[in-house]
Amino acid sequence: MVAKENSFIVRVMKIHGYIIGTVLSLSGATAAAQTGDYAAFLSDVAGRSPQLAAAEKGHAATVRGLRTGLAPDDPEVELEYYFVGEARYELTVEQTFDFPTIYHQRNQISKLGISKAEQEYRSARRAIMSQVSDAYLALNYATERVQILTRRRDDMRRVIALYGEAIEAGESSALELRNVQMLLTEIENSLTLAETDRIEAVATLAQLNGGAEIVPQGYPQFGFTGTQEEFVEAALGTDFELRAAAIDTLLAQRELKLSRQAWIPKIKVGYKAEAEEGRRASGLLAGISLPLWQNSGLKRYAKAQGAAAQAQHAATEAEARARLNSLYLRYNALSTTLEARRNDHSGEDYLELLKEASDAGQITSIDALMGLGEWYELKDSLLELEYEVARAGAAMAICLMN
């Protein structure tokens, strides 16, 4: 009976050895990057996305809006006609001007607003590139897991068929078969989830790519140099949200200067002509409008805006620093762990040891299957680790893109 069970286990181990070999070959086939220049790849895909097209139109509309309203007030023309025996009319043409320095401040505010809109557009473009990167990396990870789990599911079905033959031959029990069936159910559940993730990533990436699907070709490889502080400072230098917050402080300063000039009266000039039968008269108009109440509290409001802008800039920078420092530490910790895992060859003889133990009758077929399951979980965690390293590396690279 022992000899029969050992021969059956050998058959089972051979099938599981094939599964494990498949896992290794598939996980090792992801060294090539999608493109030689990951930034160019992301930019190319994002350039075909409807999201970026919408962002471009929104940016153009914002710029046009910021360039309007800078001219002087519209001229006013008034004609008064009287029906009193003799024909009589009055024609008045008036034009109001602000003081020249006020126009200067408004133009500077407009230019700063356009600069801020540019940073916001670039931030939106980077966010779309980040979406492309997330979808592409998720597609690679899900594709790898689907390939491995599909092979493992198919071969586990073959193992169940062997268990059925063994039960008929009296070499195994129904309990052992049920355990393998439960393991198959777990694998099928994992496969369903992985396939769902893959389909979602394919759809997301195709939508971002203007409707065309993208075939996964492995994770990009990243090589960062410099210290943590150097990375953080470089990333802060290309942080478009931080740049926009800095422009807000400049805008607040300009608004304060404008509010200080709000007390300057407006200048009104014009021409007036009167005509009555037998008599004509014309003259020039000149006057000022006194800003006594309309701009009340404007300076205090501008100061409050300035304080709010400075506080927001400081908060944005602090948040960005914390995020970048965490990202740097995460990438280095994960990549170090991944390198150690790849260089650790202590488990390479695990299959042989498992087979020897089963041949010697030291473990049952269930123990052998459980051992293989644990070995597979370890390999699955390696795939996840590779995925997380790629995600962290891509996030760092995107932070440095202009």
Report yes or no: do E76 and Q95 form a side-chain donor-acceptor pair below 3.5 Å?
-> no
Residues R391 and E384 bridged, charged N to O under 4.0 Å | no
Could you walk me through whether Y331 and F222 pass ring pair (Phe, Tyr, Trp, His ring centres under 6.0 Å), step by step?
-> CA-CA 10 Å; Y331 174 77; F222 302 103; 7.1 Å; no
Taking D44 for its side chain and A40 for its backbone only, find out whether a donor-acceptor pair lies under 3.5 Å.
-> no
Got a donor-acceptor contact below 3.5 angstrom from the S123 side chain to the Q119 backbone?
-> no
Yes or no on side-chain contact (heavy atoms from CB on, under 4.5 Å) for M182 and E186, after CA distance, side-chain angles and deciding distance?
-> CA-CA 6 Å; M182 291 172 62; E186 181 181 353; over 6 Å; no
Atom OH of Y271: over 12 foreign heavy atoms under 6.0 Å = yes
Start with the C-alpha distance between E233 and R321, add both sets of side-chain angles, then the distance that settles salt bridge (charged side-chain N to carboxylate O under 4.0 Å, His left out), and finish with yes or no.
-> CA-CA 9 Å; E233 293 302 322; R321 283 187 180 276; 2.8 Å; yes
Expected output: side-chain S326 to main-chain A322 donor-acceptor under 3.5 Å | yes
May I ask you to check whether F224 and Y328 place their ring centres under 6.0 Å from each other?
-> no
Are the side chains of Q207 and S49 in touch, meaning some heavy atoms are under 4.5 Å apart?
-> no
For the residue pair K266 and D73, what are the closest heavy atoms and their distance?
-> NZ-OD2, 3.4 Å
Less than 4.5 Å apart, any side-chain heavy atom of N140 and any of Y387?
-> no
Is it true that the side chains of T249 and Q310 contain a donor and an acceptor less than 3.5 Å apart?
-> no
Using atom types as modelled and distance alone, determine if a side-chain donor or acceptor of R280 lies under 3.5 Å from a backbone N or O of A273.
-> no
Would you say C399 and T238 make side-chain contact, with heavy atoms under 4.5 Å?
-> no
Heavy-atom closest contact (A212 atom, N209 atom, distance) = O-ND2, 3.0 Å
Is the shortest heavy-atom distance from the side chain of T92 to the side chain of V77 under 4.5 Å?
-> no
Check: L149 and I187 side chains under 4.5 Å, non-hydrogen atoms = yes
Salt bridge present between R323 and D239 (N-O < 4.0 angstrom) | yes
Going by distance alone, is a donor N or O of one side chain under 3.5 Å from an acceptor N or O of the other, for Q228 and N325?
-> yes
Evaluate whether atom CD of E56 has more than 12 neighbouring non-hydrogen atoms of other residues, nucleotides or ligands under 6.0 angstrom away.
-> yes
Student check: side-chain heavy atoms of H313 and L242 closer than 4.5 Å = yes
Side-chain donor-acceptor pair present, S133, Y38, cut-off under 3.5 Å | yes
Side chains of S43 and R125, donor plus acceptor under 3.5 Å = yes
Side chains of T192 and E188, donor plus acceptor under 3.5 Å | no
To the nearest 0.5 Å, how far apart are OG1 in T96 and CD1 in I288?
-> 12.0 Å
Taking the six-membered ring for Trp, are the ring centroids of F41 and Y136 within less than 6.0 Å of each other?
-> yes
Go through the steps for R330 and E388 under the test salt bridge (charged side-chain N to carboxylate O under 4.0 Å, His left out), then give the verdict.
-> CA-CA 9 Å; R330 176 179 177 82; E388 292 299 333; 2.8 Å; yes
In Å, rounded to the nearest 0.5 Å, how long is the span from CG of D98 to CD1 of I264?
-> 9.0 Å
How close do A302 and S259 get, heavy atom to heavy atom, and via which atoms?
-> CB-OG, 3.8 Å
